[in-house]
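Data block below; observations after.
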Amino acid sequence: MLDIKRIRTNPDETINGLKNKGVDAEIDNILEIDKKLRQLENETDELKHRRNVVSKEISLKKKNKKDASKSISDMQKVAKTIKVNDNEIQKYKNSLNELLFNTPNIPHRSAPIGTSEKNNVVVREIGKKNEFNFSIKDHIELAENNSLIDFERGAKIAGSGFPLYTGEGAKLERAIINYMLDVHTTEHGYKEILPPFMANIKSTTTTGQLPKFGDDMYFINEDELYLVPTAEVPVTNIHQEEILDVKDLPIKYTAYSGCFRREAGSYGKDTRGLQRIHQFNKVELVQFVHPDKSYEVLEEIVNNAETILKNLKLPYRVIELCTGDLSFASSKCYDIELWSPATEKWLEVSSCSNFEDFQARRGGIKFRENNKVNFAHTLNGSGVATPRLMITLLENYQRKDGSIEIPEVLVPYFGKKEIRK
RNA sequence: GGAGAGGUGGCCGAGUUGGCUGAAGGCGGCUGCCUGCUAAGCAGUUGUACGGGUUUAAUGCUUGUACCCCGGGUUCGAAUCCCGGCCUCUCCGCCA
């Protein structure tokens, strides 16, 4: 959520920033409601002040056995006006909030200006694309030939987009998750979290999925709970409505979670195999930081995710998203993409964002420094999501005979050096 | 799912015949005094949000309103009374 005071004092900054994101914000409307709201609040505060004063007088009069009926009848009228005004104020507040909660974050000055992913910038490309001297198979064939994933039975159980990992496939998935968590906790200093896989309306509003993107999530009607689309949601909300001590910053959490996404409206896109699925596993990195540090920390988070890919010796590249491609809540974002040799495409496995105080305002995540309270900055990044990692791992580590080599760092976790049928 | 208890400031904990309680008391925190250092002691101070006025380079000062789980209601006036909801705990049932 944007700071209403900032919009008030510098509306052009907001308008231009949002324009870069491709959004026509209703700033005029926001300012008008804000003005009316404050005016009415002032009037009503004065009435309430009078009521408080006179009520004390009434109390005294009664104590001294004096007649208070005139004051009481006066205050009856005042009370009525207050009630009417309070209702009106609530209406203004509701519409102001609706506007503010639906207004996206402003891009950071350093984000490249552009309208679509075509304007994204490749920051660096690491690792060499493998050269194969045989005709390679794609991940689906590799997974099915080696009995790692049973897509058909997964679909039987829950529908397409719900892969069923079996045998060594299940074990490899688990090895990857464990490996990533270990690196982030022991080498990068994150505290491990295993969060709830469902979150309520307030929590999903904090991170920005609600109110606009509710349709992307699975919703349990009876309990008013969303299945988490990412661990970002539960983990960012750990400190919802808290005032942290500046000494405790930065707070660094890493969390494994299942991720559930309806992917509505993307039928027909990347539907084969693991590319775009409804349930997947991800290890997430979340940090709560001092506002002065958040852009430094964004680079740190990208590096943390890259470490995993470097150690796995998979070729990847880092993309800086242009303003038009930034998500609703983020000010600046890097994507990391892995190279899939079978499809000859780059596949996104991580998205690292700085939200500045956007989520913190929605969720009331603050910190105290020198007796002053301020909003923290929140960031997160995938470290990383498993499905496309699995795709590129299988494809890059396949051998001519159809077997799959296990990357060195995963061997202790997987227990074997190769998968061979 | 059934029965009961309860939700007060950073924490503990008073306050439920409605008014003088933003909230006693204690702990913790901060400031000053004291002290060779530490501890103890003494004095003061100590919530958040949103406004108004004044002021500064940053800041500060002052004033108002709201907040005792959330939302309604009664009343001139509610932490205190009434209704609805949420959450926590205990017991029973069910269950991985």
Side-chain angles (χ1 to χ4, degrees), chain A residues 1-10 30-101 194 196-206 210 220-226 234 237-249 251 258 288 290-292 357 360-376:
Chain A
M1 180 153 63
L2 300 178
D3 182 2
I4 183 70
K5 285 181 211 156
R6 190 170 151 195
I7 299 177
R8 213 183 276 153
T9 51
N10 207 345
I30 288 174
L31 288 174
E32 196 186 319
I33 294 170
D34 174 56
K35 196 174 168 189
K36 283 189 195 153
L37 171 65
R38 279 187 297 151
Q39 202 176 333
L40 191 58
E41 266 184 326
N42 273 340
E43 282 172 28
T44 310
D45 277 0
E46 271 170 46
L47 289 178
K48 285 179 179 172
H49 176 55
R50 240 188 95 206
R51 179 177 68 180
N52 288 344
V53 170
V54 175
S55 287
K56 270 176 196 159
E57 287 170 13
I58 292 170
S59 152
L60 278 174
K61 280 181 185 165
K62 286 201 164 178
K63 211 178 200 175
N64 299 327
K65 305 259 184 314
K66 285 191 191 158
D67 177 37
S69 55
K70 174 72 168 63
S71 300
I72 289 176
S73 68
D74 281 355
M75 284 310 102
Q76 280 172 338
K77 284 178 206 143
V78 170
K80 237 175 231 168
T81 311
I82 288 173
K83 200 168 191 177
V84 171
N85 286 6
D86 274 345
N87 279 334
E88 200 68 12
I89 286 169
Q90 199 50 51
K91 277 187 207 158
Y92 283 133
K93 278 190 177 166
N94 289 345
S95 33
L96 187 61
N97 270 335
E98 197 191 320
L99 285 165
L100 287 175
F101 273 108
L194 185 58
F197 288 3
M198 295 198 208
N200 58 27
I201 289 166
K202 162 89 187 177
S203 295
T204 37
T205 303
T206 296
L210 290 184
I220 314 292
N221 209 354
E222 215 175 341
D223 304 290
E224 294 199 312
L225 289 169
Y226 288 91
N237 279 282
I238 288 174
H239 296 298
Q240 179 203 104
E241 302 300 335
E242 287 184 20
I243 300 175
L244 305 162
D245 192 323
V246 70
K247 289 192 294 254
D248 296 331
L249 303 181
I251 296 173
F288 302 82
H290 192 284
D292 294 346
D357 64 5
R361 279 180 191 282
R362 301 175 145 235
I365 304 164
K366 307 175 186 180
F367 71 99
R368 198 190 310 268
E369 183 180 30
N370 300 326
N371 285 322
K372 296 193 69 176
V373 174
N374 195 5
F375 289 101

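Computed from a predicted structure; not experimentally measured. A, B, ... follow the sequence lines: proteins, then strands. Residue 1 opens every chain.
Taking atom NZ of A:Lys83 as the reference point, atom P of B:G77 lies 9 Å away to the nearest angstrom. Distance A:Gln39 CD to B:U65 P: 20 Å, rounded to the nearest Å. Remark: C1' of B:G51 and CG of A:Asp34 are 11 Å apart, rounded to the nearest angstrom. Remark: P of B:G47 and CG of A:Asp245 are 16 Å apart, rounded to the nearest angstrom. As a whole-Å value, the separation of A:Asp45 CG from B:C67 P is 11 Å. One can place CG of A:Asp74 at 12 Å from P of B:C76, the figure rounded to the nearest angstrom. Rounded to whole Å, atom C1' of B:G77 lies 9 Å from atom CD1 of A:Ile72. Rounded to an integer number of Å, the gap from CG of A:Leu96 to P of B:G51 is 10 Å.
A:Asp245 is not listed as a side-chain neighbour of A:Phe367, based on a closest heavy-atom distance of 4.5 Å or more. You'll find the side chain of A:Asp45 stays beyond 4.5 Å of the side chain of A:His49, heavy atoms only. A heavy-atom distance below 4.5 Å is not found between the side chains of A:Arg362 and A:Gln240.
What you find for A:Phe288 and A:Leu249 is that their closest heavy atoms are O-CD2, 3.6 Å.
In terms of modelled atom types and a separation under 3.5 Å, the side chain of A:Ser203 and the main chain of A:Ala199 share no donor-acceptor contact.
Side-chain contact, A:Asp74 with A:Ser71: no donor N or O sits under 3.5 Å from an acceptor N or O.
B:G25 is paired with B:C12 under the Watson-Crick or G-U wobble criterion, all donor-acceptor distances under 3.5 Å. Nucleotide B:C91: paired with B:G2 (Watson-Crick or G-U wobble, both distances less than 3.5 Å). The pairing partner recorded for B:G41 is B:C33, the criterion being a Watson-Crick or G-U wobble arrangement whose two distances lie under 3.5 angstrom. With a cut-off of 3.5 Å on both Watson-Crick or G-U wobble distances, the partner of B:U48 is given as B:A66. With a 3.5 Å ceiling on both atom-pair distances, the Watson-Crick or G-U wobble partner of B:C61 is B:G53.
Comparing A:Arg368 and A:Gln76 by the nucleotide of RNA chain B that holds the closest heavy atom to each, the one mapping nearer the 5' end is A:Arg368. Between A:Ser73 and A:Lys63, the residue anchored closer to the 5' end of RNA chain B is A:Lys63, taking for each the nucleotide with the nearest heavy atom.
Here B:G51 is the nucleotide among B:U48, B:G51, B:C76 with the atom lying nearest to any side-chain atom of A:Lys5. Picking from B:C76, B:C50, B:A66 the nucleotide with the shortest atom distance to the side chain of A:Lys48 gives B:A66. Set against B:G47, B:C50, B:A66, the side chain of A:Asn52 has B:A66 as its closest nucleotide. Comparing B:G52, B:G19, B:U65 by their nearest atom to the side chain of A:Asn42 picks out B:G52. Residue A:Lys372 has its side chain nearest to B:G60 when only B:G60, B:C50, B:C76 are considered. For A:Ser55, whose side chain is taken as the heavy atoms from C-beta onward, the closest listed nucleotide among B:G77, B:U48, B:A66 is B:G77. Taking the side chain of A:His49 as heavy atoms from C-beta on, and the options B:U65, B:U48, B:U59, the nearest nucleotide is B:U65. Here the side chain of A:Arg51 is nearest to one of B:U48, B:C76, B:G51, namely B:C76.
Of the P atoms belonging to B:U45 and B:C27, the separation is 16 Å, rounded to the nearest Å. Nucleotides B:G13 and B:A24 place their C1' atoms 10 Å apart, quoted to the nearest Å. Straight-line distance between the P atoms of B:G29 and B:A40: roughly 9 Å, to the nearest whole Å. For B:A3 and B:A23, the P atoms lie 41 Å apart once the distance is rounded to whole Å. The gap from the P atom of B:A66 to that of B:A78 amounts to 9 Å, rounded to the nearest Å. B:G10 and B:A49 have their P atoms separated by 12 Å, with the value rounded to a whole Å. To the nearest whole angstrom, the two C1' atoms, one in B:G18 and one in B:C81, are 7 Å apart. Taking atom P in both B:G4 and B:C69, the straight-line distance is 22 Å, to the nearest Å.
Between A:Ser95 and the choices A:Leu37, A:Ile33, A:Leu100, the side-chain contact (heavy atoms from CB on, under 4.5 Å) rule is met once, by A:Ile33.
Note on A:Lys80: nothing from the nucleic acid sits closer than 4.0 angstrom, heavy atoms only. Residue contacts shown for A:Arg8 are limited to sugar-phosphate atoms, with no base heavy atom under 4.0 Å away. Backbone-only contact: A:Lys366 has heavy atoms under 4.0 Å from sugar-phosphate atoms and none from a base. Among the protein residues, A:Val373 comes within range of the sugar-phosphate backbone only, with heavy atoms under 4.0 Å from sugar or phosphate atoms but none that close to a base. As judged by a 4.0 angstrom heavy-atom cut-off over every strand, A:Arg50 is placed among residues making no nucleic acid contact.
Side-chain N/O atoms of A:Arg38 include one lying less than 4.0 angstrom from OP1 or OP2 on B:G52.
A salt bridge links A:Asp86 to A:Lys48: one of the charged nitrogens lies within less than 4.0 Å of a carboxylate oxygen.
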